Number of protein chains: 2
Amino acid sequence: MKQKNKDAIVKERILNNAESLFAQKGFRGVTVREIINAANCNLSAVNYYFGNKKNLYLEVFRARLIPRSQSMCERFKKFLGQRQPSDSPAAVVEALAQAFLEGPLSDDERRCHYQLMVREMSQPGEAFDLVFEHVMQPLLQDLSRRLRLVITEEIEEERLILNIESILGMIIHFNYFRSVITRFTGHAYDSSFKKRLIEHIIDFSLYGLGVGKKEVLT
Amino acid sequence: MKQKNKDAIVKERILNNAESLFAQKGFRGVTVREIINAANCNLSAVNYYFGNKKNLYLEVFRARLIPRSQSMCERFKKFLGQRQPSDSPAAVVEALAQAFLEGPLSDDERRCHYQLMVREMSQPGEAFDLVFEHVMQPLLQDLSRRLRLVITEEIEEERLILNIESILGMIIHFNYFRSVITRFTGHAYDSSFKKRLIEHIIDFSLYGLGVGKKEVLT
DNA sequence: TGACATTTAAAACAATTGTTTTATACTTTT
DNA sequence: AAAAGTATAAAACAATTGTTTTAAATGTCA
């Protein structure tokens, strides 16, 4: 099926460029003509393959963002499995930070990924539901289960959720606020700086500012 | 000057509604006609008072977001001054979380504020420079100075910055990702839940997950 | 090869966009 | 009160938007 193959090529060029542009400028900030210029194809191709612009946008989530999230989660599990021992909070946080900052993606892909996701989070819409159901929900549940196994003391569900959201919030922040972080630290956002960030995320997640002493059961 | 006064009223109605709409849908997601309908004024009023749409957008930052940020910082200092003792990391974090989650603003104003700011952070533009210079930079420097005073042990500048960004990341996350947080915890985002959030932010910022013991000088 | 379906291309569509123009009302000042 | 300055209103502008239509090209399969 050479036909079907060539079909897929144009279709995926559109998806790729659409994702990048939507991530940068948002749904309404991007025109269909902008996308087809980047994808080097004809205007009607968008409506031919995806029906309309809105559906192209949703397809970007279905065909790109969600699968990528799942592959990042896979990477997390793989990292965690490699660690010895893998049953400590430190191991879980390290594997998580590694998977979400270094992971299998190119840096541009990761930037794209977080921009697209963050954009949808403030104003729940159709895409939000997709992300919530297929990305946030399973991730939180997985993390919740794993952390509960490795944290020795008793911990109520709500506090666990807030802890996890704090760690995820940090990871998202260090991805999404790159321009701020690099301006403040003066470092380029390269692989050595990412290693530094991962170190920090682990340290802060486990000990916070690390000053004073933790009271038992505040 | 009744003239100048009445002038200001329409002008501010435009600014108010523009900020709310821009925060919800972004610059290109909002039409001038949408704004003037919400502000209950004529179409040409936007160009009369602000020249063009882009300039209205920037004016929203200059006349609304930046002053509000400064008043939040004032509130932070006031909270901190009220605390006894006020020279501990716990006091600083508590005052910060209080100022940024409870502060002097209505809840709608706060949502608006964070949405507008986060939107600009991913794609540096003109408004980004304004926010960076008048909001992020002074806040970070103030926090850096204060924390250095109250943290007993030696701490390198970069680590301090990362610590501060982690705390700010959490605060932003718990404001911006409301819909996710409320869905996960099942709590409405009311004042009692905000108190819970502030408690958590203090606890996590000081001790992290609070498991295991912190080694001295990792 | 020839009939068929599939894909690309180009042109045209109505609707919406930001902005400008022109005219009318309202205030202030002389 | 007349004049001048300021603010609101309505209509029109060209440009851009997403989408549709129509035509040409390309591929598949008998």
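Per chain, numbering begins at 1; letters A, B, ... match sequence-line order. The basis for the numbers below is simple: all heavy atoms, side chains too, and nothing from hydrogens, waters or symmetry mates. Please read all numbers here as calculations on a predicted model, not as lab measurements.
At whole-Å resolution of the value, CG in B:Asn47 and C1' in C:dT22 are 15 Å apart. Summarising the geometry, the separation between CG on B:Asn37 and C1' on C:dT16 is reported as 14 Å, rounded to the nearest angstrom. The interatomic distance linking B:Tyr48 (OH) with C:dC26 (C1') rounds to 11 Å, in whole Å. Remark: P of C:dG18 and CD1 of B:Ile36 are 11 Å apart, rounded to the nearest angstrom. Atom-to-atom, CD1 of B:Ile14 to C1' of D:dA7 comes out at 11 Å; the value is rounded to the nearest Å. Separating the CG atom of B:Asn42 from the P atom of C:dG18 is a distance of 15 Å, rounded to the nearest angstrom. Distance CZ (A:Phe27) to C1' (D:dT17): 11 Å, rounded to an integer number of Å. Rounding to whole angstrom units, CD of residue B:Glu34 and P of C:dT17 are separated by 8 Å.
Checking side-chain atoms of B:Arg119 against main-chain N and O of B:Gln24 turns up a donor-acceptor pair under 3.5 Å. Looking only at distances, no side-chain donor or acceptor of B:Lys25 sits under 3.5 Å from a matching main-chain atom of A:Gln123. With hydrogens and angles disregarded, no donor-acceptor distance shorter than 3.5 Å links the side chain of A:Arg64 to the backbone of A:Phe61.
Between A:Asn17 and A:Ala39 the shortest heavy-atom distance is ND2-CA, 3.4 Å.
Side-chain contact of A:Asp108 with A:Ser106: a donor-acceptor pair under 3.5 Å is absent, judged by distance alone.
Salt bridge annotation for B:Glu19-B:Arg68: present, with a cationic side-chain nitrogen under 4.0 angstrom from a carboxylate oxygen. Comment: B:Glu102 does not engage B:Arg110 in a salt bridge, judged by the lack of any side-chain N to carboxylate O separation of less than 4.0 angstrom.
Residue order along DNA chain C, read from the 5' end via each residue's closest nucleotide, puts A:Ser44 first among A:Ser44 and A:Arg33. Closest-nucleotide positions on DNA chain D for B:Ala45 and A:Leu43 were compared, and the one nearer the 5' end corresponds to B:Ala45.
In this model, the phosphate group of C:dT8 is approached by a side-chain N or O of A:Tyr49 to a distance below 4.0 Å at OP1 or OP2.
The stretch residues 51-63 of chain A has no heavy atom under 4.0 angstrom from DNA chain C at all.
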